[in-house]
Amino acid sequence: MKVERLLAIVIMLLNKRRVSARELSDHFEVSLRTVYRDLETINAAGIPIVAYPGASGGYEIMENFTIDRQYLSLDELVAVIAALKGVHSSTDDKQIGQLLEKIKALLTTAPSSLQGSAHPVVYDFNPWGSTPAIAEKVNKLRESIEKRLRVRITYTKIQGDATERTIEPVTLIIKGYVWYVYGYCLQRQEDRLFRLSRIADMSVLSEEFSPRPYHVDKLEWLEEWDTAERISLVLQFASRVHVRVRDMFEPETIETMQDGSLLVRTTMTDDEWLNGMLLSFGDALCVHEPAHVRQRIGETVIKMAKLYE
């Protein structure tokens, strides 16, 4: 713990410049005497710390002293920080937060043009509609993965059936806007993928498990990403929703008609999400093909209309 605290003090001094002994004492929850001993230890290790008296005094690392950045250029360090910030936005990971602080410390000698400037690309992996409940599940599962503890979940399939499962979680995955946990399901006796939003209840058990062999490469092709059949669709949208249509579909799939409407030819997964997406356009959409989707949407609209008679 002392070595970690010493390293953390160095990082704080590199990032914040001047820090008071009281601030260090409060931050690390140790006595002032311990802080003074730590500062002496750091100084003896070859990192020169200067003390400044007075109301605005404190401790800082001697000016012009830097820690070698080793193999990364300033531009590369800024890019790493931007990427880490994106990952940090999606989960409350203390290790990533600490890593961010350490890498930021390596930028203390960056030119003024680089310091405080934004990276050309902002990475934000926090899914749209993410809730505190999802974040809590992510953190619980991450802890169970690290400690290799089994997890009991109540899982609802897309058909609406709820089942209890005991899983041995291997890794957390964020794909698109959705969080998943991948692991071994004891009930199915095979590796499975579970969508976090469909986990109703979850409890981390005290049962430890031994890791089973698996290959991360195959996650790219898991059938669970896309379990339903893909179908060809021909959809016609009213011109008033053209912005939303262009946000949702690739330009090459969109044809502008003479009346201003948009004809879209595309392929999508035939599942409940498709139904909801199509219905969300209301009377601004007409489904031309395939016939079974056109019929299904029509029947749903009739049922909805009867609710308002």
Side-chain angles (χ1 to χ4, degrees), residues 86-93 96 123-205 207 209 211-231 233 244 247-249 266-281 293 296-297 300:
V87 175
H88 201 218
S89 70
S90 65
T91 178
D92 183 19
D93 192 324
I96 292 178
Y123 305 92
D124 188 348
F125 300 114
N126 200 29
W128 293 111
S130 183
T131 64
I134 293 293
E136 183 180 358
K137 291 175 185 176
V138 169
N139 290 328
K140 280 187 177 180
L141 286 166
R142 183 179 179 279
E143 183 179 359
S144 66
I145 291 169
E146 290 177 347
K147 296 181 178 179
R148 295 177 181 173
L149 295 175
R150 289 175 174 169
V151 178
R152 181 174 292 122
I153 62 174
T154 301
Y155 191 71
T156 304
K157 296 189 292 186
I158 193 170
Q159 295 83 0
D161 304 329
T163 58
E164 280 208 357
R165 313 281 188 93
T166 299
I167 63 172
E168 297 175 352
V170 172
T171 188
L172 283 161
I173 304 165
I174 182 168
K175 186 171 177 67
Y177 59 92
V178 181
W179 275 105
Y180 297 87
V181 59
Y182 177 75
Y184 186 80
C185 176
L186 271 65
Q187 279 70 28
R188 297 291 188 268
Q189 294 290 300
E190 62 181 357
D191 293 339
R192 300 294 291 241
L193 192 70
F194 300 95
R195 182 169 171 157
L196 265 59
S197 61
R198 295 181 189 161
I199 297 178
D201 296 305
M202 180 175 66
S203 57
V204 179
L205 307 178
E207 304 171 15
F209 66 88
R212 302 170 189 268
Y214 85 104
H215 302 286
V216 179
D217 295 342
K218 76 174 185 178
L219 293 178
E220 183 179 355
W221 308 107
L222 277 174
E223 294 181 357
E224 287 89 337
W225 296 131
D226 199 359
T227 55
E229 176 189 4
R230 293 187 70 83
I231 57 173
L233 293 159
R244 187 179 168 196
D247 283 344
M248 181 169 289
F249 300 99
T266 187
T267 60
M268 285 190 163
T269 302
D270 190 7
D271 57 13
E272 287 299 318
W273 181 90
L274 175 64
N275 295 338
M277 184 276 290
L278 295 176
L279 289 167
S280 70
F281 282 93
V293 174
R296 187 170 67 211
I297 296 298
T300 301

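A salt bridge (Lys or Arg N to Asp or Glu O under 4.0 Å) with Glu168 is found for exactly one of Arg192, Arg150, Arg148, namely Arg150.
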CA sep, side-chain torsions, deciding dist, call: Val151, Leu205, side-chain contact (heavy atoms from CB on, under 4.5 Å): CA-CA 6 Å; Val151 178; Leu205 307 178; 6.0 Å; no
Verdict with supporting geometry, Thr171 and Arg142, side chain to side chain donor-acceptor pair (under 3.5 Å): CA-CA 8 Å; Thr171 188; Arg142 183 179 179 279; over 6 Å; no
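Within the 4.5 Å cutoff, the side chain of Glu164 has heavy atoms near those of the Arg152 side chain. Looking at heavy atoms from C-beta onward, Met268 lies out of side-chain contact with Ile231 at the 4.5 angstrom threshold. Contact annotation: the side chain of Leu233 approaches that of Leu274 to within less than 4.5 Å [non-hydrogen atoms, C-beta and beyond]. Leu278 is listed as a side-chain neighbour of Val293, based on a closest heavy-atom distance under 4.5 Å. With a 4.5 Å cut-off on side-chain heavy atoms, Leu279 and Thr300 count as touching. In this structure, Gln187 and Thr166 have side chains that are in contact, with non-hydrogen atoms separated by less than 4.5 Å. Contact annotation: the side chain of Ile297 approaches that of Asn275 to within less than 4.5 Å [non-hydrogen atoms, C-beta and beyond]. Residues Ile199 and Thr154 fail the side-chain proximity criterion, which asks for heavy atoms closer than 4.5 Å.
Scanning for side chain to side chain contact (heavy atoms under 4.5 Å, CB included) contacts around Ile145 gives Pro169, Leu172, with sequence neighbours left out. Judged as a side chain to side chain contact (heavy atoms under 4.5 Å, CB included), and not counting sequence neighbours, the contacts of Glu143 are Lys147.
Without hydrogens or angle criteria, Arg165 side chain to Ile153 main chain gives no donor-acceptor distance under 3.5 Å. Under the 3.5 Å distance criterion, the side-chain polar atoms of Glu190 are left unmatched by any main-chain donor or acceptor of Tyr184.
Annotation: the span from Ser144 atom OG to Glu207 atom CD amounts to 12.5 Å, rounded to 0.5 Å. If you take CG on Leu193 and CZ on Arg195, they are separated by 10.5 Å, rounding to the nearest 0.5 Å. Atom CZ of residue Arg230 and atom OG1 of residue Thr266 lie 7.5 Å apart, to the nearest 0.5 angstrom.
A salt bridge is absent between Lys137 and Asp201; no separation between the charged side-chain nitrogens and carboxylate oxygens falls under 4.0 Å.
For residues 134-156, every residue pair satisfying the ring pair (Phe, Tyr, Trp, His ring centres under 6.0 Å) rule, not counting sequence neighbours, is listed here: Tyr155-Phe194.
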